[in-house]
Every structure is written in structure tokens, then in C-alpha cells.
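Remember, it's a predicted structure, so these values are computed and weren't measured experimentally. Lettering follows sequence order; numbering is per chain, from 1.
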Amino acid sequence: MSTITFAQATLDAMTEEMARDERVFVMGEDIARQGGIFGQFKGLADRFGTGRVMDTPISETAIVGACIGSALAGMRPVADMHFADFIGVCFDEVLNQMAKIYYMFGGQKSIPMVLRAPDGLVNQAAAQHSQSLEAFFLHIPGLKVVAPSNPADAKGLLKSAIRDDNPVIYFEHKALFSTKGEVPDGDHLVPIGRANVVRKGSDVTLVSYSMTMNHCVKAAEILAGEGIDVELIDLRTISPLDVGTILESVARTTRLVIAHEAVKQGGVGAELAAIVAEEAIDCLDAPIVRVGAPFTPVPFARPLERAYRVTPEKIAEAVRSVM
Amino acid sequence: MSTITFAQATLDAMTEEMARDERVFVMGEDIARQGGIFGQFKGLADRFGTGRVMDTPISETAIVGACIGSALAGMRPVADMHFADFIGVCFDEVLNQMAKIYYMFGGQKSIPMVLRAPDGLVNQAAAQHSQSLEAFFLHIPGLKVVAPSNPADAKGLLKSAIRDDNPVIYFEHKALFSTKGEVPDGDHLVPIGRANVVRKGSDVTLVSYSMTMNHCVKAAEILAGEGIDVELIDLRTISPLDVGTILESVARTTRLVIAHEAVKQGGVGAELAAIVAEEAIDCLDAPIVRVGAPFTPVPFARPLERAYRVTPEKIAEAVRSVM
Amino acid sequence: MCAKAARGGEGTSPSKYGKELLAGFYRTMTTIRHFEQTVEKCFLEGEIPGFVHLYIGEEAVAAGVMANLRDSDYIQSTHRGHGHAIAKGADLKRMMAEIFGKSTGSCKGKGGSMHIADFGVGMLGANGVVGGGFTIATGAALAHKMQGTDGVAVAFFGDGASNRGTFHEAANMAAAWGLPVIFVCENNKWASTTPYRTTTSVDHIADRAAGYGMPGVVVDGNDVFAVYEGARSLVERARRGEGPALLECKTYRIKGHFVGDPEKYRTKEEVRKVFEETDPIPRFESAVVKARALTRKELDAIDGEAREAVRLALEFARTSPEPEESALFEGLYV
Amino acid sequence: MCAKAARGGEGTSPSKYGKELLAGFYRTMTTIRHFEQTVEKCFLEGEIPGFVHLYIGEEAVAAGVMANLRDSDYIQSTHRGHGHAIAKGADLKRMMAEIFGKSTGSCKGKGGSMHIADFGVGMLGANGVVGGGFTIATGAALAHKMQGTDGVAVAFFGDGASNRGTFHEAANMAAAWGLPVIFVCENNKWASTTPYRTTTSVDHIADRAAGYGMPGVVVDGNDVFAVYEGARSLVERARRGEGPALLECKTYRIKGHFVGDPEKYRTKEEVRKVFEETDPIPRFESAVVKARALTRKELDAIDGEAREAVRLALEFARTSPEPEESALFEGLYV
Ligand SMILES: Cc1ncc(C[n+]2csc(CCOP(=O)(O)OP(=O)(O)O)c2C)c(N)n1
Ligand SMILES: Cc1ncc(C[n+]2csc(CCOP(=O)(O)OP(=O)(O)O)c2C)c(N)n1
Ligand SMILES: [Mg+2]
Ligand SMILES: [Mg+2]
């Protein structure tokens, strides 16, 4: 075990996987010379050279398309999106090429590719630099989608994503990069598709992922003080969903709250709520409550962004509402 | 009243609105010379000239971007996406510009623009020409999203969309274009944001929209023969959702089934189910069941596409499962 | 490099080529022609579903370009992909079966005409998204470079596709990084119902190459020799590590945009005239016969074989089973 | 049109211009400089949140281009938008308040620096998406054409943005349709941490204009006269209905990419040297003084006014209230 930052954990994952498999490489804007906007690629080019750590033009369609093409030709590319907000620029490449090639061409070749997408609120970055867009990709067959909440999962999921033969979108919350945590030494892998019960509890199931997990941990502490025993599940993988773990928990707690930073309407919480309402409604003793961002773009000004945020208090309040 | 095709209904809407307001114009691929792939623009260029009905380059980002720019400069553009599948090409323009400009710039100018997107399964067109992608846009604040199921609504919603000062995405199912129905004469408007109770019923609420409504009507007939009295709601607008109409219905029927052609996971049905599980779970006497496409790209071969489809039988079966 | 697009390969005499190459040109072109005529017929008779775009009249482009490529080179095709696949050596039977939606198809019936592909011979797929292939081919070229081979990749694209932003991003990236990719434009004068020049701001798409610092060459796309020579120098250049290039092949879309297109935007007369004057197959035939490079008899033999191969492919497709419904759920993830 | 990018406007003497124009150049440049220095200071002291990109050292571009525009002309800006907004006549107070996130800001505090905008004077917004503005400006130009005015639109963009596909789609559409839009490239040698030439395949972005059949002109972007003259001919041309053009202004990004950038990718020395040699403001000052077109005193008076205007803007911003939380839910739909 060592205590490192989330950024360092992803860097260790990259370093280990690039050392292990020379087909692995990475491209993106400002990752070689600068080492990534959040330091998440620091020193990687020094170690592996700019032939495997490439600064690209500002050409997101070419970045994703070229990664796809290189994968078809035997490579295992990692692409950095700079900010997840720009994934719309190459959305066709993700939706119609990356996600579909394996199935549509009858399994001739899969796309072992990772798209890293730093997302979420940080620093009052406003409408075009603060979004959490993972829900789109839950709706696209052929993709896997992960969103770690801590350094250990960051490393383990990134390594698993790089080794996965399918395309994986790896959402990494910008506010997490500088957070620290214990990470197992050595070849630490976290399986894609497996949620993590972070806190056992008997009164209510609280499901979240990414940065919002930290708010949920705080909410659970607040609630524990009020005598509410929260079972807290870190989804970790958004697609495919670990339905089993959630249903098992809800069956015991009979209550479900889901929290995420993304806009509530049409978010990942909708799918989770719908699954439970379809598969386990008889277990439920309360409405399924979702906590998510309001239905507006992310505003800039301090009080507006504050009001926009999903906080431990809002989550705790939602949990209280179902007790 | 006159009986016309869905394509003709949209054409009438365009013609009336372009005659009424000279700021309205339309651009897209193959709409002037050809009149649209589905005949939905037939003769429009003859009537209004190629200055207002423009054949564009194959440049979806320029189409949407130029419409946005013209809207900022006082026009009321309509853009044709050719196939909804290509909306990924200009996804950034939709997500980060069209949807956000009004809010992000503090209300200085809204974008009165309509993006027409022919979607859905027709003709074994396979993975990149058959998709129903409306769920993405439910998750984007600032957009309105409509999806008519019949010629009357097609006309009324398109006219309302053109007159709306906000950006509207207008999904029109490719298989609907040739279908016929009665359309009120004159200035027929259908309000955006209002669902339509197509069939009153007492046993179960069945919600759908677009082409799948037709399958639901058939399913309701089959079920009526079995003594199951379906209340059938045509959503018509996907964002903002008409939550009131659905909750009111579910409160009476105590059962909810949702059907759409799009992939089930992360589809519009998820949001509807989640809303009801949050707001009206106490009313429910059964699980909320969703019928949607399986989690795969759309396959080409006949038996595969057939198996992929949401059919009246599958819908009826889902309804039976909650009785 | 910044000068106007060069013109290449015109007026080459067939006699300078070996028989094998010439026979190859002819076999490719005539196979494509028979294949496409068969597909058209079967589509019109209702045997083939979906959208089908024919390559008839443009055979010289695929034949001329692909004669420069190896199995280990990659191509990215378009929605009009049958000709590219055949020229790259894809299996005819599995192609036809795919177009028929049969389980024996190269994509197991999941793709159809618009997604015809045969990765085994480096044919990385037709693409239903116009302009979807530029960046993918660029990535395949990048892989060649990273792997230290002298392989190349070719991105085929239409005049209409030239206006997609992906062209620009791929061209710049390829040029900035010196990648071995050739962008081959099939300027067939039409993008669906829209005449080339009404939506494209320049006469020659090859004129855009200079803006990336890469060579841009225009050839007569209905002259297989011109295409071959034009592609040859650019492919060799790319193999030597000298970077990407653009080859514009001037041709004409003889058939409707897709099978079933009512074609109201042009006259039958216009099309008939162009076809009579420029059909690449009789042009090739008379050139080689005149130069005594191949005899009529030799040509007929090749044509007969091509016809027979297509017949067998059709039989294979017709007699192959459709996929089981359960296949719908197979092959989404590895 | 297909020749190499032309060079324009060099070596113009200040004395040929009227005092008003010269004073205008100076006022714009010095206002931008004071504004940006104030923003930098306030950001570093923690008064301004978010991402802020400064225009320092590039003032001559905005001043030179905008001197050719009317209120009814449109501009689309970039993430580095303060200078464009000021030059287009945006209200300084409401700008500064916006950057501070105050309710009195031009976007009511919802946008911030990266979304600075003042539609009332035709400034259609900074854009957090690099390359997001090309097509929007093209659309504004289309509107001018449809409305029968002789108005124009200008799309500002960086060297890095030149590689976005949106550039290509907008340039082709504008050229094919003959739209009155000028694409103004601010080639400041850096895209964030990446030097221009490592990711862009040509020396001059203006060389790409020929590929669209539009003029491409390169000027010294730190010489306001050169920019003014270069823009003038292209704007006039566009007003006459002769279509789009590309103007490349060679300049240099003096400050870090954003305020707070550690700038590890270049030396302070390099930057200092360029700034000393090319700073557009002293260059302008000595040129006009030498030509006796404006006196030191006149310049100082203008500079003093600019400084005062910025001071008032700062005071306005500081004393303005933050928005109420309830404003979060206002203004999503009309
Ligand atoms: C991104 C995208 N936009 C539009 C279409 C619809 N479409 C299919 S083929 C075509 C015309 C293509 O013209 P061109 O590139 O010249 O190729 P050609 O058909 O002439 O071979 C269009 C508009 C598409 N498939 N993809
Ligand atoms: C589509 C997109 N990709 C990446 C970014 C991140 N980004 C912001 S500014 C910038 C560099 C822009 O360089 P340039 O266009 O030369 O403008 P400059 O900053 O030099 O004025 C980058 C990469 C972005 N905002 N949008
Ligand atoms: Mg064409
Ligand atoms: Mg720059």
C-alpha cells in the first residue's frame, strides 16, 4: 500500500501498462510537453518517448478516429479528451464507429481502446467545462463506461480498461485528481462491471459514483449521527451496470437513493431507478429518490454554481425524505 | 379535415410557416433539388426559391452552426439532419452551443431553431441508419424535444416548433412519412409539452411516442380482446415531459408500461419510470415495465432486425406481465 | 507543394505493363461490374434488402489504386464499398452473402452492403457515415508507422465527403505527423442529388492538398492506367516515409445514388452519353487490344471467369441460411 | 486565388490616417492592455474565479480588425475573448462584472470570462469550445446576405483552432455560398503548451485559403496598421458580395495560456525578448509620434482615459452584487 494522488494512480496505471505491452500508447492535447492539464501524464513522455505519448492537434475527431484505426491495425490506444465536455466534437466517432465496429462487422476485430474523459465541476469553469456526460454512453451498446471515485479504483479500473478488448470510456472527475488515497502495490486490477459496497448498512441503499461518492460518504456520516444506517454502493462501472449488487442491497434495505453530479433528468440515476422499479418494486418501502443537478447548464457565478452542486447536505436530505 | 400523409403534413407546416414569416428558412442535404429523401420537402424550393430552401454541403457541423449563427442574427432556421444517426457529427454544436447560448449568455438572445431528425427503423438500413437517439437530448437542458406519431401532430408540432423561441429537436420516424391520417385544416397547432391521452382506459397506463404508438394501438386492441382496458398516452413531447398527465393516469390505473423503439438501457422510458417511482410509487400495484430495443446496434439481416424490433406482441406481453 | 494540383499518369501505354498486371486490372474491373449488375438485379427483384450503392462506372479507380497495395496495407471504404472490397481481394461469396443478409456473410449478416468489410485482407469496412473513414485510415497508417513497417493505408472518399470536417482533421494530422496515408477522392460529380460544384467551393478537390503541405494529384479516374500511375508514385512515396498525399480521380456516377433512386435531378440522356464515352472497361479493352498487350480471347476468358465467380457467389448467398435470431445477442462484447 | 497566401499592409505610414482613427486604435489597444492587466491582478489575488485567458500582446489584431466593422456587423470570439469584446465596443463595466461573476455582468454572471459576450454590439460571444465559432459566424454572415444588407461577420480563431474540422466546413460553405465572413487567425505560435508547427502541417494558415478558392492574407499581427489594411480590403470585398476570406495575423502569446499557467514549456527569456521587440503598443506609439500624427501628450491623455475607464469598470464589478441563488433557475427557456 502507498498513499498517492488520484492523478498519480492513473499515471502509475499508464506506466505499468505501457511497460507491459508495447502496443499501448496514448494521444491527446498537451499531454506530452505539459503532462496533462491535471498532471495526470507527467513524465510519461520522458519515459516512453513522444512516439508513444503524443501531443495532438486540436482535432478531436482525428484523435478518436485515429485511435480506432490504430486499434484495427493491432494497437491498444488510449485517447485523452482534455475535458469530457468536448466529447461532443467526436460523438459520431464514438457512437457510430468505436461502439459499433465489433458488432456491426460481425466480430472481425474488436476495438481495445480507452477514452479518458476528465469531467465534472471544478473551479467555476462554467457551462462548457464542467459537465458530467456519462449518461449518454450508458445508452450506447458496445461501450463500457467506468467512473472511479478514489485512487485505488482509478488505478485498478484504468489498468482493466487498457487490458479490456472492448472500447471503454473512463470518466475521471477533475476535482479528484489531487485527492489522495491508499493504493495497493503491484498489479492492482479492479474488474469492470463490479460495484463496490463501501459501507454496509441496513436502513437505506445509497448508490453513487465518481466525485459524488465523497459527498455520499459525508452524508452517510451525518445520517449515522441521526441513527440512519446507510448502505453505500460505489457503482464504479456505469455500463454494464452491476444490477445484482444493487438489487441484493435494496432487497435488504427496502429503500433506494441515487446521487450523481450530472443533470438529474435522463441521468444514470434514471436507469437505476427504472431497473429497481421493474425488478424489485415489491421490496420497496419508499419512493426511489434521485439527487442530481438541476435542469440548467452549469452557471459561472459563485452562488449559482454553489446552488447547482450536489452536496452532502442535499444527499442527506434526500435520504431523510425516504425514511 | 383532410387525409394526408405524415410527409405532406410536415410539408404543409413548412409551407404555412415560411409563408407567414419570412425569417423562416430551411437547409439540409438534398432537400431543394430532390425534395428530401422522404419527399418531405417536395416542391418547397419551387415555391420559396433556393435562397430559402438550401441544399448544403455534407457538413453537419456547418449546417447546425450556421443555423445557430443565423438565429443570433435574427433568422428562424430549420435544419434537416437527413438521418438522425448523423446528429453525432454535430453533437457539440447541439450540446454546447445551440442548447446553452440562451442561458449561458444570460438571456441576451434565444435560438429559435428547429432541428429535424428522421429516425428509427426502416428498410433494414442497419446500424448507422436506423437509430432512435432522442434520449440523449432529454438529458440536455435548454433543448425541447418532440416526436409526433401521426400526421396531425406532425403538422401541429412542427408549426409550434418553428414558432417556439427555443431550440427544438423534431424527431420524425422514417416509417411514418408515408402513413396517412386526418389533419385539421388551417392553422393547426399542437402545444409543445403536452401529452395526449389517445385512449382512455382503467387497467393500465401505456406510454409511448412516435412510430411505437402505432404498435401500442395494436397492442391495446389485442389486450381489449382479452379484457384488459389500456389507457394509452402519446407523449408527443419528450422534453419537457408532461409529468402531470402521466401521474394523473397512473394514479387511476395503478400500472405503468412504457414502450419505445430506442435501446431500453438509458432510454426515455428510464426517466419516465424513475419519475413515477419517485412521485407516485404508492399508487403502483405492479412493477413498472419498459419495452425497448435490446442492448445491441441495429443488425442488418432480416431475422435479426425482426428480433430487434419492438412489436405489438412484445408490448402486449409486457402489459400482461403487470396485470 | 503549394502549387495547383498536379496532373498525373495520362496517356500511358498499356504495353509497358506485364500481362499479369493487365489481366489483374481487367479481372478486378470486370468482376466488380458483374458483381454490381447482379446485386442491382437481385435488389430490384426484392432479394436484397437495405440500402445499396453501386460502383458501376468507377471500377478503374479501385482497380488502379489497389494494384499498388499489399494484403497488409489497409483501406477504409465508403457507403459505395463493393468495388473497393473486391479490388482489395475480399472473398466474393462471403461478400454476396453479407449483402443478402446471410449468416455466411463476412459480417455474419449484421452489416449488409453499407458495412461490407473483410479485415482479413485489410479492407477495414464500408462506412454508412459519409466521411467517417478519413481518420480511421489515418490511424491505421499511424499503426504502420509505429510498428515500423512500410505499409500504407488508403482512405477512399467521395466529392461530397470532401466537405466533412473529418477530412481536414485527418489531412492535417497525417501531414503534421508524416503518416503513410493516401486520401483517394472519387469525384463522381454527384453527392446524392447534389452536383459537385454547387456545394464545393473549388474545381479540384486535389487543390486542397497544398493547404496541408501534401501533394495533390488529379487523374482521369476512368483510365485505369492513369489511376495506377497516379497512385503508384504516391504510395511509393508514403512507403518511403515521405508522408501523406491526395489523389483525385475524376469519374462519374453512372447509376442512381442508391438502387431505386428515381434520379429526377438529371436526365437519362446525360448519363448515357457520359457512360458511352467514358466507361472504363471498354476503354481498357480497346487500349490493350490495340497495343496487342492482351488479346480479345484472353479478355473474354478473364471476363468469363469473373462472371462465373460472381455466379458462384450468388449461388452461395442464395443457398446460405439466414442467421438465427439468437445471433442478435451475440458478439456485442469480446 | 490558388497562389500562396498574399502578404498585406506592411510598411504603411501612420500619417495617411485621420487622427480619429489613430486615436481609436490607441484607445482600443491601451484599454485592452489595462483591462487585461487588471483582470490578471485580480485573478492572482483570488478575486476572479474560473478560467481566464489574457489577450496581452495581441491587442493590435482586435484593434486593427474591428476598426473596419460597424455595430451591425457580427464577430464570433474565442476563449481569449476580452480584447475582441472591448474592440467591438462592449461595455467595460458589464464585462468586468461578468468576469467577476456579478449579477450586473453582461451575462448576468452566468458566463464568466470564457463566455463574455455583448450581443447588443454584435459581439456574439467568446466560446469555451475551441473552433466552435467558425460555423456560427458563417451563419451570421448568411443572415446578412439573406436580409440583403452589406453587413459582414468575423470569426476569430487561434492557430490551434485552425485544425478543427469546423474550420473546413465553415470555410467551404462560406466560399461555396459566397458569404460575407472573414476568418481572422490569431497565430500566436502556441496552442496551450503546444508550439504551432508541431501539430499544424503548414507554415502559414493562410495557405489553406486557396483550397477553398478564397483569398488568404498574412499580416504582422503586432502592427495595427498592417492588420487594419489587411482586414480593410477583405471586409470591403465581403461587403461588395465577393465572398469570404482568411486573414492570418502573426502574433505571439505573451502571457501563459491561462492565468496561473506554470509555463514550463518555454523560457521566460524567450517570451521577454519577443515582447520587448514586438509589443504592439510601444510600436504604435513611436510610429505615430515619429510621424507626428499624434503627440505624446495626446497619447498620454488617451491612455489616462483608458486607465480610468478600466478603474471604473473594476469598481463597478467589485461593488455589484452577486446573483441571487434563485437566478440559477431563471432564463433556461424563453
Ligand atoms: C455524415 C453523413 N451525412 C449524410 C449522409 C447521407 N449520404 C449518404 S451518401 C451521400 C452522398 C455522398 O456523396 P459522395 O461523398 O460524393 O459519394 P458518392 O455517393 O458520390 O460515391 C449522403 C449525403 C451520410 N451517410 N453521412
Ligand atoms: C474542442 C476543444 N478542444 C480543446 C480545448 C482545450 N483548449 C482550450 S484553449 C486551447 C488552445 C487553443 O489554442 P489556439 O487556438 O491557438 O488559441 P490561443 O489560446 O493561442 O489564443 C485548448 C487546447 C477546447 N477548449 N475545446
Ligand atoms: Mg460523389
Ligand atoms: Mg494560439
Closest approach of [X] to [Y] (non-hydrogen atoms, all atoms of both residues):
| X | Y | result |
| --- | --- | --- |
| B:Lys100 | A:Ala127 | CE-O, 3.3 Å |
| A:Pro287 | B:Glu278 | CB-O, 3.3 Å |
| B:Leu138 | A:Gly266 | CD2-CA, 4.0 Å |
| A:Asp85 | B:Leu95 | O-CD2, 4.4 Å |

Euclidean distance, [Y] [atom2] relative to [X] [atom1], rounded to 0.5 Å:
| X | Y | atom1 | atom2 | answer |
| --- | --- | --- | --- | --- |
| A:Leu256 | B:Ile281 | CG | CD1 | 9.0 Å |
| A:His139 | B:Phe295 | NE2 | CZ | 9.0 Å |
| B:Leu133 | A:Ile140 | CG | CD1 | 8.0 Å |
| B:Leu284 | A:Asp282 | CG | CG | 10.5 Å |

If you tally heavy-atom pairs under 4.5 Å against chain A, which of B:Gly106, B:Ala277, B:Pro294 wins?
B:Ala277
Is A:Arg320 atom CZ crowded by more than 12 heavy atoms from other residues, nucleotides or ligands, each under 6.0 Å away?
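Atom CZ in A:Arg320 is packed in, count exceeds 12.
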Measure distances from A:Gln131 to the heavy atoms of chain B and classify the residue's part below 4.5 Å as side chain, backbone, both or neither.
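For A:Gln131, side-chain heavy atoms alone lie under 4.5 Å from chain B.
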Is chain B contacted by the side chain of A:Ile275, its backbone, both, or neither, given a heavy-atom distance below 4.5 Å?
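Both parts, backbone and side chain.
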Winner by heavy-atom pair count (cut-off under 4.5 Å) against chain B, out of [options]:
| options | value |
| --- | --- |
| A:Gln265, A:Met104, A:Gln128, A:Gln97 | A:Gln265 |
| A:Gly142, A:Ala286, A:Pro141 | A:Pro141 |
| A:Ala293, A:Ala273, A:Ala126, A:Gly267 | A:Gly267 |
| A:Ser239, A:Pro299, A:Ala274 | A:Ala274 |

Show your working on salt bridge (charged side-chain N to carboxylate O under 4.0 Å, His left out) between B:Glu271 and A:Arg290 and close with a plain yes or no.
CA-CA 11 Å; B:Glu271 180 61 28; A:Arg290 293 175 291 157; 2.8 Å; yes
Is the ring pair B:Phe91/A:Phe91 parallel, tilted or perpendicular, if the boundaries are 30 and 60 degrees?
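Judged by the thresholds at 30° and 60°, the geometry between B:Phe91 and A:Phe91 is parallel.
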